[in-house]
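Order of the sequence lines sets the chain letters (A, B, ...), proteins ahead of strands, with each chain counted from 1. Every value quoted in this text rests on a predicted model; they were computed, and no experiment measured them. Computed from heavy atoms alone, side chains included, the values below leave out hydrogens, waters and symmetry copies.
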Number of protein chains: 2
Amino acid sequence: MPPGEKIKVLLADDQTMIRQGFGYVIGLQADMMLVGEAFDGKEAVDMAIASQPDVVLMDIQMPRMTGIEATQAIMARLPATKIVILTTFDDQEYIVQGIRAGAVGYLLKDAEVEDMLEAVRSAFRGEAVYRTGLAAHALSKVVSASYIAPGAAPKPLVLEPLTEREQEILQEMAYGLRNDQIAQKLVISEGTVKSHVHRILQKFGCEDRTQVVVTALRNGLVK
Amino acid sequence: MPPGEKIKVLLADDQTMIRQGFGYVIGLQADMMLVGEAFDGKEAVDMAIASQPDVVLMDIQMPRMTGIEATQAIMARLPATKIVILTTFDDQEYIVQGIRAGAVGYLLKDAEVEDMLEAVRSAFRGEAVYRTGLAAHALSKVVSASYIAPGAAPKPLVLEPLTEREQEILQEMAYGLRNDQIAQKLVISEGTVKSHVHRILQKFGCEDRTQVVVTALRNGLVK
DNA sequence: CAAAATCTCTATCTGCAGATAGAGATTTTG
DNA sequence: CAAAATCTCTATCTGCAGATAGAGATTTTG
C-alpha cells in the first residue's frame with residue numbers, strides 16, 4: 001500500500017486504557033493512521049466529520065452520546081464510513097442495535113491486538129466484522145478442527161451479516177431445536193427453515209449445525 | 001422425612017455473603033440442618049470429621065487449604081460424604097479436579113436458591129449434580145424446547161457423571177467434529193464413537209448432539 | 001479374586017440434515 | 001419507480017446421526 005493511502009482510523013472510547021492501547025498499535029501499522037481519539041459519542045461525531053476516517057472503532061457505553069447514536073449520526077453524514085462497534089461481554093445486546101444503526105460489525109474489547117487490526121482491515125475492505133476476542137481461541141479450534149485437510153488455511157473469522165430472519169433461526173438452532181420444530185415455532189415450512197439454515201451455514205463457513213451453534217455460542221451471537 | 005433424619009449440611013466458603021445466604025436458607029428447610037460453616041479448607045476438614053455431614057457445599061478458592069485438597073482429605077476419611085463443589089464462572093477448570101478428588105458434582109455460586117437446595121437433595125440421594133445457576137435459565141429453555149409435548153415435566157438438571165472417555169468425546173463434539181473425525185482423532189472406530197455419543201445423549205437426556213453441545217457449553221462442561 | 005464398570009467393536013435400519021436448483025412474493029434501497 | 005435483497009416455497013438426493021442389540025477385553029472396585 002503506497003504512502004498517502006493509509007487507512008484512516010478514528011477511535012472512540014471513554015476508557016483511556018483502550019484508547020491508548022489500541023491507538024498506539026494502530027499508529028505503528030504501516031497501512032494505518034490514527035486520525036483521532038474521541039472520549040465520548042458527541043466528540044466522535046465531530047471528529048469523524050472533521051477527519052473523515054475510513055474506519056471508526058466505536059465504544060457503545062460512552063458519556064453524553066452513546067455509540068449507537070454516534071453511529072447513526074455519522075452514517076447520516078458520512079455513509080461510506082465503516083464503523084466497528086466495540087463491546088464488552090456484557091453489552092452484547094446492543095450489537096444488533098449498533099448494526100441496525102449502520103455499523104459493519106463488532107469487536108470485543110478483550111480482542112487480541114492482531115484481531116483488532118484485522119477487523120480494521122476487513123472493515124476497510126468492505127467486509128462485515130463479527131469477530132471476538134474472548135472466543136477467538138476456542139473458535140480457532142473449531143475452525144481448524146473442521147479443516148484437518150493438510151494445507152488448508154484457517155478461515156478468517158469474518159461473516160457476512162445475518163438477516164433478521166436468519167438471526168431468529170440461529171437462535172432457535174442454539175436452543176437445540178430441529179428444523180421441523182423451528183418451522184412449527186415460526187409458522188413456516190420445514191423447507192424454508194432448511195433454506196435459511198443453508199444460508200447460515202454458508203455465512204459461517206461451517207459444515208453442520210453443531211459447528212454453527214458452537215461458533216455462535218462462543219461468540220455471543222445468540223443467547 | 002421424619003425428624004432426626006434431616007440432611008446434615010456443611011457449608012465451606014470464605015465469602016461471608018455466601019455462607020450467610022445459603023446457610024440461612026438451609027436452616028429454614030424442614031429436611032435439612034446446617035451442621036457447620038467453615039471459612040477455609042482446613043476448618044472444613046476438621047468440621048466434617050467432627051460433625052459427619054451428609055452433604056458438603058465446598059468452595060474451591062479458600063485460604064490455607066483449597067476446596068480440592070479439602071475434598072480429598074474428607075473423602076479419605078469419610079468416603080460416604082457427598083461433596084458438591086461451589087464454583088464461580090471463572091474457576092470452572094477446577095471442576096474436573098474437584099470431581100476427580102471425589103466431589104459428586106458442582107454448583108455455580110450464582111445459582112438460584114431452589115437450585116442449591118435441589119442440588120443438596122440430589123447429592124444426598126446419591127445422584128451426581130451438574131447444575132448451574134447462570135445457565136439454568138438458558139438450559140430450561142433448551143429442555144422445554146426439546147419437550148414441547150404437552151404435559152411433559154421439565155427434566156431435572158441432574159446428570160449421571162460422564163466417564164473420562166465420554167468427557168473427551170463430549171469435548172470433541174463441542175469443537176464441532178463429526179463422529180468419523182472424532183474416531184480419527186482418538187484412534188478408535190466410528191462405531192465406538194457412536195456408542196459413546198449414544199451414552200452421552202442418554203445421560204444428558206438430549207435428542208441429538210446439538211442439544212448436548214448447547215447444554216455442555218452453557219453449563220461450562222466443556223472448553 | 002470376583003463383580004461391576006468401562007471401553008471397545010460390529011452390524012443393521014430409520015430419519016433428519018444438508019446440498020442443489022430453482023422460483024415467486026414481498027420488502028428495502030438508491 | 002426499478003433493482004436488489006429478503007423471505008418464502010417446492011422437490012429430489014446423499015449421507016451422517018442416532019437407535020437398537022449385542023458382546024468381548026480391560027480396568028476398577030469391594
Side-chain angles (χ1 to χ4, degrees), chain A residues 72 75-76 78-80 99-102 126 128 145-146 159-215, chain B residues 75-76 79-80 99-100 102 126 128 145-146 148 159-215:
Chain A
Q72 284 172 327
M75 292 311 287
L78 304 164
I99 288 170
R100 290 218 177 105
S146 36
L159 294 182
E160 273 186 72
L162 299 182
T163 66
E164 266 187 72
R165 199 55 156 175
E166 285 162 359
Q167 179 66 43
E168 264 185 281
I169 286 183
L170 174 61
Q171 180 61 70
E172 300 303 335
M173 289 166 75
Y175 286 152
L177 297 199
R178 294 190 308 264
N179 288 339
D180 63 325
Q181 293 174 320
I182 297 173
Q184 209 186 327
K185 193 159 172 187
L186 300 184
V187 198
I188 53 178
S189 78
E190 186 177 339
T192 302
V193 174
K194 284 189 176 186
S195 295
H196 289 301
V197 171
H198 182 61
R199 283 249 67 204
I200 294 168
L201 290 179
Q202 284 191 317
K203 288 184 175 179
F204 273 80
C206 285
E207 289 165 347
D208 55 52
R209 64 169 58 214
T210 303
Q211 287 183 6
V212 164
V213 166
V214 164
T215 307
Chain B
M75 292 311 288
I99 288 170
R100 291 222 173 102
S146 36
I148 297 176
L159 296 182
E160 273 186 72
L162 299 182
T163 65
E164 266 188 71
R165 198 56 156 173
E166 285 162 358
Q167 179 66 44
E168 264 185 282
I169 287 183
L170 175 62
Q171 181 61 70
E172 300 302 337
M173 288 166 74
Y175 286 151
L177 297 200
R178 294 191 309 263
N179 288 339
D180 62 324
Q181 293 175 320
I182 297 174
Q184 207 187 327
K185 191 160 175 185
L186 301 184
V187 197
I188 53 180
S189 79
E190 185 177 340
T192 302
V193 174
K194 285 188 176 186
S195 296
H196 289 301
V197 170
H198 182 59
R199 284 249 66 206
I200 293 169
L201 290 178
Q202 284 191 318
K203 288 184 175 178
F204 272 80
C206 284
E207 289 165 345
D208 55 51
R209 67 168 57 213
T210 304
Q211 287 183 7
V212 164
V213 166
V214 164
T215 306

Classify the side-chain pair B:Ser189/B:Thr192 by whether it contains a donor and acceptor separated by less than 3.5 Å. yes
How close or far is atom [atom2] of [N] from atom [atom1] of [X], stated in whole angstroms?
X: A:Met173; N: C:dC16; atom1: CE; atom2: P; answer: 16 Å
X: B:Arg209; N: C:dG18; atom1: CZ; atom2: P; answer: 11 Å
X: A:Arg178; N: D:dG18; atom1: CZ; atom2: P; answer: 12 Å
X: A:Asp208; N: C:dG18; atom1: CG; atom2: P; answer: 6 Å
X: A:Asp180; N: D:dC9; atom1: CG; atom2: C1'; answer: 17 Å
X: A:Glu207; N: C:dA17; atom1: CD; atom2: C1'; answer: 13 Å
X: B:Glu190; N: D:dA19; atom1: CD; atom2: P; answer: 14 Å
X: B:Leu186; N: C:dT8; atom1: CG; atom2: P; answer: 8 Å

For D:dT8, take OP1 and OP2 only and decide whether either is under 4.0 Å from a side-chain N or O of A:Ser189. no
Short side-chain N/O contact from A:Asn179 to OP1 or OP2 of C:dA17, under 4.0 Å: yes
Would you compute the distance between atom [atom1] of [X] and atom [atom2] of [Y] and round it to the nearest 0.5 angstrom?
X: A:Lys185; Y: A:Ile169; atom1: NZ; atom2: CD1; result: 12.0 Å
X: B:Leu201; Y: B:His196; atom1: CG; atom2: NE2; result: 13.0 Å
X: A:Asp180; Y: A:Lys194; atom1: CG; atom2: NZ; result: 9.5 Å

Scoring nucleotides 20-29 of chain D by protein non-hydrogen atoms under 4.0 Å (B base, S sugar-phosphate only, - none) yields B---------
Using Watson-Crick or G-U wobble pairs with both distances under 3.5 Å, give me DNA chain C in dot-bracket, 5' to 3', with [ ] for crossers and | for pairs to another strand. ||||||||||||||||||||||||||||||
Return yes if some donor-acceptor pair links the side-chain N/O of [X] with the main-chain N/O of [Y] below 3.5 Å, else return no.
X: A:Gln211; Y: A:Cys206; value: no
X: A:Gln181; Y: A:Arg178; value: yes
X: B:Asn179; Y: B:Ile182; value: no

Could you check if a side-chain atom of A:Met173 sits within less than 4.5 angstrom of a side-chain atom of A:Leu177, using non-hydrogen atoms only? no
Tabulate atom names and distances for all N/O pairs under 3.5 angstrom spanning the protein and nucleotides 3-7 of chain D.
| unit_1 | atom_1 | unit_2 | atom_2 | d |
| --- | --- | --- | --- | --- |
| D:dC7 | OP1 | A:Arg165 | N | 3.2 |
| D:dC7 | OP2 | A:Thr163 | OG1 | 2.3 |

Grab the two heavy atoms, one from B:Arg165 and one from B:Leu186, that are nearest each other, plus how far apart they are. NH2-O, 3.6 Å
Member of B:Val197, B:Thr215, B:Val212 meeting the side chain to side chain contact (heavy atoms under 4.5 Å, CB included) criterion with B:Leu170: B:Val212
Assess the residue pair B:Lys203 and B:Glu166 against the criterion (side chain to side chain contact (heavy atoms under 4.5 Å, CB included)); give the C-alpha distance rounded to whole Å, side-chain angles, the decisive distance to 0.1 Å, and a yes or no. CA-CA 10 Å; B:Lys203 288 184 175 178; B:Glu166 285 162 358; 2.7 Å; yes
